Structures are given as C-alpha cells and as structure tokens.
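Just so you know, these numbers use all the heavy atoms, side chains as well, and skip hydrogens, waters and symmetry mates. For reference, positions follow the sequence shown, starting with 1. In this text, all values refer to a predicted model and were calculated from it rather than measured experimentally.
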Amino acid sequence: MKFNPQMLQVYLVIGTQNTNNDPQRLLKIVKEALAAGVTAVQYREKDGTTLTKAEKVALGRQLHQITQAKQVPLFVDDDYELARTIGAEGIHVGQSDTRADVIHQLAPDLMMGLSVHNLEELERSRSLLPVVDYLGVGPIFATASKIKVKDPIGMQGLDDVITQTSKPVVAIGGIHENNVTDFKTEKVTGVAVISAITKSSDIKNTVQILKQRGK
Ligand code: 3NM
C-alpha cells in the first residue's frame, strides 16, 4: 500500500494495555472504529502489555485481517519483526526506537512514521526524513494513556514543528471530542487517539466527531 496523507485523518492507536488486557475487546473496538471510518490503525503493545510474543503475533494477524478487509493501513509501533511477521503496511518509530533509516533499508515497502516531540527532535531527525512518510507530534495535551510521556507541548508547540517541516503531521496526546476542532485541517493532517475511542461509549459518534475538524 502506498502512503497517502489522507490515511492520517483519524488514526486509532491501540494495544491490549488499553483494553483491560483483553484481545477480543481490542478486536471489537477496532472493528467498530473501522466501520465508523477510522483511516489508519496502529498496533501498539507497550506500557504494561501482558501479551507474549506469540500472542502478539496471533492478535496482530487477526487485526491485520480486519484492517485489510477495509483497506485501511495497519502500522506497528516500534517492532519491525512483528510488523513483517503479520504483514503490516507500516511501522511507527520513536526517537529511541530502531532507526527509521535502518528499517527502511530492510523493508523499503513499509510506510514509516516517526515521533517528534519538539523542534530540537525535529532538527536531530532531519537526516531520517527522506525515508519518513509522516511525523507524529505530541503530546499536545495531558494524557493518561502513555507511561514515560513528555510534558504537553500545546497548540503552540505543535505549530512550531509544523512550520518547520513539509511532512504531513499527525497530532497525538489528549485529543478528544471536545478539543478536536482546535486542529485545523489545513495545518494538521490528522489526529491520533487512544482513549477518545477505546473509552468511548459510542464509537460511531466519536469517530464522526473526530473527522469533523476545524477549518
Ligand atoms: N504517544 P490518548 S502521547 C501513544 O506524545 C502516545 O508521542 C504520545 O493517548 C506522544 O489519545 C500517546 O489517550 C498517548 O491521549 C495518546
């Protein structure tokens, strides 16, 4: 699958640590979110996941089947081997994960996302940008969904990064139905969320609201 910035519009990030360690619940949420129109899914087993490697592979394969059925790209957080094993379309790496250029050498077909928290990290990542399809920038607001999370950068911090790059940017961290209109479509390519969807009591409605961003 070839990268297209439209894919980033509403990007669901999820792992079993976000679903009470219950793989079936994860699959149910992803199915509902796909039916409601999320445009990308990231499989992120981290922050206290209890799954073994074999369980991640089994769940990752099931997840990939349901994203494929909707022709929605599946990204895997950080784990190159897992991404290859389950046939994911993309990978997302952070500043301390395996380097984007190393992964790109091994698998030029994988779409690539890179996390950048501020201008300094953007500058440090310049040499990697030719192999990067999009940047994940955050946390914008406070979030309870990530352990070792940095201080929120706010809308100003997000704007600072956006003005210094031509890469599509996905904002992440504390984005919910009540603040999504802050992210103007002509500036921010997409929004990535965990709890807005995993804790929603009406996923269909939530995704619709997340899609209607500010102009
Ligand atoms: N990465 P929620 S913040 C996975 O800043 C993740 O890089 C972040 O969860 C970053 O939508 C975050 O529930 C958690 O706030 C996002």
Can you get from Val10 to Leu8 by hopping between Ile, Leu, Val, Met, Phe, Trp and Tyr side chains that sit under 4.5 Å apart?
-> no

Keeping to residues at least two apart or across chains, list the salt bridge (charged side-chain N to carboxylate O under 4.0 Å, His left out) pairs with something in residues 158-176.
-> Asp159-Lys187

Considering all heavy atoms of both residues, which atom of Arg213 and which atom of Gly190 are nearest to each other, and what is their separation?
-> NH1-CA, 3.7 Å

Is any side-chain heavy atom of Ile103 less than 4.5 Å from a side-chain heavy atom of Val93?
-> yes

Could you grab the distance from atom CD1 of Ile194 to atom CD1 of Ile14, nearest 0.5 Å is fine?
-> 8.5 Å

Same cluster or not: are Tyr43 and Met7 linked, directly or through other Ile, Leu, Val, Met, Phe, Trp or Tyr residues, by side-chain heavy atoms under 4.5 angstrom apart?
-> no

Got a second to check how far Glu177's CD is from Asn205's CG, nearest 0.5 Å?
-> 6.0 Å

Judged by atom type as modelled, is there a donor-acceptor pair below 3.5 Å linking the side chain of Lys211 to the main-chain atoms of Gly37?
-> yes

With the 4.5 Å side-chain cut-off for hydrophobic clustering, are Ile209 and Val13 part of the same group?
-> no

Kindly work out whether a path of hydrophobic side-chain contacts (I/L/V/M/F/W/Y, heavy atoms less than 4.5 Å apart) joins Val116 to Val149.
-> no

Sequence neighbours left out, what pairs pass salt bridge (charged side-chain N to carboxylate O under 4.0 Å, His left out) with at least one residue falling in residues 123-132?
-> Glu120-Arg124, Glu123-Arg126

Scan for salt bridge (charged side-chain N to carboxylate O under 4.0 Å, His left out) pairs involving residues 136-153, sequence neighbours excluded, and state none if there are none.
-> Glu121-Lys150

Side-chain contact test, heavy atoms from C-beta onward, threshold under 4.5 Å: evaluate it for Thr19 versus Asn21 and give yes or no.
-> no

Can you tell me how far CD of Glu186 sits from CD1 of Ile162, rounded to the nearest 0.5 angstrom?
-> 10.0 Å

Sub-3.5 Å donor-acceptor pair from the side chain of Asn179 to the main-chain atoms of His176, do we have one?
-> yes

Test Glu45 against Thr16 for side chain to side chain donor-acceptor pair (under 3.5 Å), laying out the working first.
-> CA-CA 6 Å; Glu45 287 292 340; Thr16 50; 2.7 Å; yes

In this structure, OG1 of Thr181 is separated from NZ of Lys184 (nearest 0.5 Å) by 5.5 Å

Indicate yes or no: at least one non-hydrogen side-chain atom of Tyr80 is less than 4.5 angstrom from one of Leu110.
-> yes

Under the side chain to side chain contact (heavy atoms under 4.5 Å, CB included) rule, what do Leu82 and Asp77 come out as? Steps first, then yes or no, please.
-> CA-CA 9 Å; Leu82 181 62; Asp77 178 81; over 6 Å; no

Calculate, to the nearest 0.5 Å, the distance between atoms CG and CG belonging to Leu34 and Leu63 respectively.
-> 8.0 Å

With rounding to the nearest 0.5 Å, note down the distance linking NZ in Lys204 to CD in Glu32.
-> 11.0 Å

Given side chain to side chain contact (heavy atoms under 4.5 Å, CB included), test Leu12 with Gln42 step by step and report yes or no.
-> CA-CA 6 Å; Leu12 170 63; Gln42 182 185 129; over 6 Å; no

What pair of heavy atoms forms the shortest contact from Val188 to Val169, and how long is it?
-> CG1-O, 3.6 Å

With side chains defined as the heavy atoms from C-beta onward, is the minimum distance between Thr39 and Val72 less than 4.5 Å?
-> no

Sidechain-backbone polar pair: Asp78 side chain, Asp97 backbone, donor-acceptor under 3.5 Å | no

Is it true that Arg84 and Asp79 make a salt bridge, defined as a side-chain N closer than 4.0 Å to a carboxylate O?
-> no

Kindly indicate whether the side chain of Gln95, heavy atoms from C-beta on, has any atom under 4.5 Å from the side chain of Ser125.
-> yes

Note: Leu51 and Pro23 closest approach over all heavy atoms is CD2-CG, 4.5 Å

Looking at side-chain heavy atoms only, is the closest gap between Val170 and Val191 below 4.5 Å?
-> no

ring-ring contact (aromatic ring centres under 6.0 Å, His included) filter on Tyr11, not counting sequence neighbours, yields Phe75, Tyr134

Checking side chain to side chain contact (heavy atoms under 4.5 Å, CB included) for the pair Asp22/Leu26: CA distance, chi angles, key distance, verdict?
-> CA-CA 6 Å; Asp22 179 352; Leu26 181 147; over 6 Å; no

For Met155 and Phe141, run side chain to side chain contact (heavy atoms under 4.5 Å, CB included): C-alpha distance rounded to whole Å, both residues' side-chain angles, the deciding distance at 0.1 Å, then the answer.
-> CA-CA 8 Å; Met155 297 305 290; Phe141 307 122; 4.0 Å; yes

Taking every heavy atom of Ile197 against every heavy atom of Ala33, the minimum-distance pair comes out as CG2-CB, 4.2 Å

Is it the case that more than 12 heavy atoms not belonging to Asp109 sit under 6.0 Å from its CG atom?
-> yes

Only one of Ile91, Val131, Leu128 clears side chain to side chain contact (heavy atoms under 4.5 Å, CB included) with His104; which?
-> Val131

With sequence neighbours excluded, tell me which residues meet side chain to side chain contact (heavy atoms under 4.5 Å, CB included) with Asp133.
-> Phe3, Met111, Met112

Give a yes or no on whether the backbone of Gly15 and the side-chain of Asn18 come within a donor-acceptor separation of less than 3.5 Å.
-> yes

Check the surroundings of atom NZ in Lys31: do more than 12 heavy atoms from other residues, nucleotides or ligands lie under 6.0 Å from it?
-> no

Sort and list the pairs that fulfil side chain to side chain donor-acceptor pair (under 3.5 Å) and have at least one residue in residues 57-76, not counting sequence neighbours.
-> His64-Glu89

Distance-minimising heavy-atom pair for Val57 and Ile86 = O-CG2, 3.7 Å

Counting only heavy atoms not in Gln164, do more than 12 fall under 6.0 Å of its CD?
-> yes

Would you indicate whether the side-chain heavy atoms of Ile153 and Val137 approach each other to under 4.5 Å?
-> yes

Nearest heavy-atom approach of Ser115 to Gly94 is CB-CA, 4.0 Å

Check whether more than 12 heavy atoms from other residues, nucleotides or ligands sit under 6.0 Å from atom CD of Glu81, and answer yes or no.
-> no

Connected via hydrophobic side-chain network under 4.5 Å: Val207 and Ile175 = yes

